[in-house]
Amino acid sequence: MDYLKGLNEPQREAVQHIDGPLMIIAGAGSGKTRVLTYRTAYLIEKGVDPFQILLLTFTNKAAGEMRQRIENAVGNDGKNLWMGTFHSVFAKILRFDGKHLGYTSDFSIYDTDDSKSLIRAIVKERGLDDKVYKANVIYNRISGAKNRLIGPDEYLNNSVIAADDTAAKLPEMGKLYKLYTLRCFQANAMDFDDLLYNTNILFRDHPAVLDKYQRKFKYIMVDEFQDTNISQYLIVKKLSELSKNLCVVGDDAQSIYAFRGASIDNILNLEKDYPNMATIKLEQNYRSTKNIVEAANSIIAKNKNQLKKKVFTENEVGSLIELIKASSDNEEGRLIATHLFESKMAHGLRNTDFAILYRTNAQSRAFEESLRKLNIKYRIIGGLSFYQRREVKDLLAYFRFVVNQKDEEAFKRIINLPKRGIGDTTIAKIAVTASENQISVWEVVSNIKQFQAGRFADTIEGFADLIKSFKIMVEVNKKDAYEVAAHIAKASGLLRELHEDKTVEGLSRYENVQELLNSIKQFVDDNEVEEEDKSLSSFLQTVSLLTTADSDDPDGDNDRVTLMTIHGAKGLEFNHVYVVGMEEDLFPSQMMLQSRADLEEERRLFYVAITRAEKKLMMSYAESRYQYGRLKPCEPSRFLDEIDPQYLQFAKNIRRPEEKPAPQGFVRMTNREQKAPDFGTSNKPTSTASLIAKPAARPVVGNTYIPSQDFVPSDTKNLVEGDRVEHLKFGFGKVKKIDINGTDRKAVIQFEGTIGEKTLLLSFAKLRIL
DNA sequence: CCGCTCCGCAACGAT
DNA sequence: TGCGGAGCGG
């Protein structure tokens with residue numbers, strides 16, 4: 001147990017506290033993963049059977065990495081641990097015991113696309129307007145209900161919900177929910193939320209099953225506990241009811257998934273449910289410099305909902321955080337890429353030492369282009385994952401249908417793929433025949449000649465025979481996943497179709513399918529132990545819950561700059577980090593600022609972003625950016641205005657670059673006077689308080705604040721007193737006074753009519769000069 | 001039924 | 001801009 005020596009006091013305590021409920025509050029960079037790894041190793045060394053340990057993580061990637069580290073510590077015993085994401089672990093349980101709820105072990109997992117497609121179909125069948133009943137909205141409402149454990153019947157009978165739906169002009173919501181659930185069930189399919197919801201139902205209604213797992217899992221650990229929702233919490237609670245050996249690790253300051261039901265309340269619930277729970281705080285940060293840790297602390301210091309803890313570090317003070325200002329997103333990209341290149345050369349770093357973090361995936365474009373121009377290799381995490389590409393999903397749909405013929409969404413995908421002349425009309429006929437005879441679609445298709453002698457009977461029979469031959473391979477000949485998959489790819493004609501497509505996309509599609517087959521081969525080779533584990537069905541189980549976890553390039557060329565969203569960056573660390581697009585409406589996101597709680601979440605997100613950096617942190621923003629191919633002006637730097645100057649003064653660790661000749665077209669942020677721009681805040685704060693005290697709603701104090709979308713793009717740099725201007729919202733006016741302070745330009749404008757005089761901040765074009 | 005064109009609309013996050 | 005869905009002619 002040498003490793004215990006390398007731990008600090010609270011860490012060691014956390015590792016050795018193995019009996020009874022335990023909550024570990026772990027600040028960013030405090031060695032959380034280490035503690036979990038060692039704690040698991042410690043358990044095993046203390047004689048706990050790895051089969052009795054359940055370790056729940058937040059992402060597949062985290063699970064994989066942690067398993068590796070545990071295996072390094074304890075050897076092959078680590079293989080026998082139950083560990084994975086909530087979804088994957090409970091999917092496994094439902095494979096075993098879903099039969100109690102009427103599912104077979106081959107049930108399909110519907111991804112979001114499948115779910116939405118099913119919803120669209122139902123909405124259409126019911127003759128509802130799909131402009132009103134948008135699949136997205138319906139899906140989110142259903143998802144929300146399931147995550148709160150509200151089933152369709154309860155939903156229908158709940159008057160509060162009904163009133164809410166009526167108010168949202170969606171009175172049919174409840175019925176849709178019910179129908180959707182029914183159709184999923186008939187398809188022997190579960191969506192992501194069902195995996196949790198059904199596990200709850202399973203444990204609620206089948207005590208014997210619950211008892212089995214309660215006895216099995218003597219020790220349960222939950223990582224990223226702050227991101228669990230009620231549904232997940234209840235499962236964990238039930239499972240640990242017997243043993244009481246529940247250990248959760250989390251950091252309320254990094255709770256950034258409230259939008260999908262995660263709730264800090266779970267921590268409070270936990271304290272209530274386990275009154276004798278021990279709490280250990282890990283407060284020493286080993287990752288970042290003092291400057292970074294302090295800056296991060298200051299961001300969340302005044303959040304209302306938080307557990308008290310003080311993250312500190314004994315690392316060096318480090319260099320200041322650097323602010324970079326650009327005039328457009330392209331320029332932002334150029335600046336960051338250049339900056340990155342220069343620091344790489346200056347400090348002898350590798351590409352992997354850098355990360356560029358943004359708020360939304362759509363922002364990646366400018367950085368990709370700039371990095372490419374400088375020949376800097378990069379990789380993008382997130383975005384369209386490999387398993388979401390069309391051609392990959394098509395082939396997977398074949399697999400799904402071969403394994404589970406009730407899978408309606410898979411059926412719809414493949415029945416006419418490759419083109420075999422079976423269109424909507426024919427599919428509709430099949431569906432009608434199926435429901436008239438009260439049988440499944442597959443039963444109609446596989447016996448098509450009994451029902452129809454139409455023009456397409458032969459084609460359909462051919463399709464059915466194809467599927468049947470695949471089924472025989474799987475069920476009778478017990479071929480492994482790779483053999484079946486390769487055969488299906490060929491025999492279905494999918495591969496040939498893609499091969500014949502000589503366009504660039506066609507080529508990459510073909511490669512993707514090959515890649516998929518490769519990964520299946522690898523899957524088979526990795527699972528040599530049991531025959532069961534090599535089946536197509538078992539491959540599907542693994543794969544339907546994978547998303548962004550695609551592995552790095554197989555070429556071994558892994559020295560790449562990482563581009564990802566801040567959400568995706570959780571749990572990672574990089575030497576140098578760029579947090580980009582820190583401007584109004586983007587970060588904090590406009591949508592998020594609807595409520596106060598959400599503002600707090602944006603701050604936590606900011607906190608997460610900052611604390612990814614070990615040595616150096618850069619923040620940048622642009623005055624305008626392209627959106628939908630159009631240059632869209634935005635009100636820049638409002639977020640920075642919020643944290644600046646108060647935040648800067650506090651943290652004393654942000655450096656605005658010294659004035660030097662600006663590269664073409666680029667305006668460096670100047671050392672402006674430390675005077676708070678007085679728009680937005682009337683009470684001038686001297687500390688970080690104002691960052692927090694500012695209400696989330698659009699503030700109008702003294703001056704009028706105008707949302708950026710109301711501005712006409714024009715160059716206000718040319719604005720002079722006496723100019724006649726037009727403003728989209730206020731109409732015509734005359735510039736009375738211009739106040740230039742650094743790059744901040746304010747204008748007092750006397751508008752015509754009854755509006756009167758307004759003071760407008762002119763950091764970007766907002767007015768048309770007439 | 002297929003394929004082409006036009007149109008509308010798009011927003012974050014992860015399993 | 002760029003995608004997917006709808007609608008229409010062949």
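Naming: A, B, ... by sequence-line order, numbering from 1 per chain.
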Determine the interatomic distance between C1' on B:dG13 and the same-named atom on C:dG2; round to the nearest Å.
-> 22 Å
Mind listing the N/O atom pairs, protein and nucleotides 7-10 of chain C, below 3.5 Å?
none

Rounded to whole Å, the NZ-P distance (A:K116 to B:dA10) equals 12 Å
Would you kindly give the CG-to-P distance between A:D329 and C:dT1, to the nearest whole Å?
-> 15 Å
Give a yes/no on whether any side-chain N or O of A:T426 is located under 4.0 angstrom from OP1 or OP2 of B:dC1.
-> yes
Side-chain donor-acceptor pair present, A:T57, A:D223, cut-off under 3.5 Å = no
A:Y103-A:F185 aromatic ring centre distance below 6.0 Å | yes
Specify the separation, in whole Å, of atom NZ of A:K570 and atom P of B:dG13.
-> 14 Å
Here the distance between atom P of B:dA14 and atom CZ of A:R359, to the nearest Å, is 10 Å
Separation of B:dT15 P from A:N198 CG (nearest whole Å) | 20 Å
Please give, in whole Å, the distance from C:dT1 P to A:N330 CG?
-> 14 Å
How many Å lie between CD1 on A:I460 and P on B:dC1, as a whole number?
-> 10 Å
Can you name the nearest heavy-atom pair linking A:Y197 to A:G151, along with the distance?
-> OH-CA, 3.0 Å
Do A:Y180 and A:S115 have side-chain atoms, one donor and one acceptor, less than 3.5 Å apart?
-> yes
Taking C:dG5, B:dC12, B:dT15 as options, the one with an atom nearest any side-chain atom of A:T112 is B:dT15
Nearest of B:dT15, C:dG5, B:dG13 to any side-chain atom of A:Y257?
-> B:dG13
If you look at every strand shown and take non-hydrogen atoms under 4.0 Å, does A:T59 touch a base, only sugar-phosphate, or nothing?
-> sugar-phosphate
Describe the nucleic acid contact of A:F86 in one word from base, sugar-phosphate, nothing, applying a heavy-atom distance below 4.0 Å.
-> nothing
Does A:N136 or A:N416 map to a spot on DNA chain B nearer the 5' end, using the closest nucleotide for each?
-> A:N416
Side-chain atoms of A:H87 come closest, of B:dT15, B:dC12, B:dG13, to B:dT15
Residue closer to the 5' end of DNA chain B, A:N140 versus A:K134 (nearest nucleotide) | A:K134
To the nearest Å, give me how far apart CZ (A:F192) and P (B:dG13) are.
-> 15 Å
Please tell me which of the listed nucleotides, C:dG5, B:dC12, B:dT15, lies nearest to the side chain of A:T360?
-> B:dC12
Is a side-chain donor-acceptor pair under 3.5 Å present for A:N330 with A:R365?
-> yes
Are side-chain N/O atoms of A:Q541 and A:S538 paired as donor and acceptor at under 3.5 Å?
-> no
Is the closest side-chain donor-acceptor distance between A:T565 and A:R359 under 3.5 Å?
-> no
Do A:N188 and A:S108 have side-chain atoms, one donor and one acceptor, less than 3.5 Å apart?
-> no
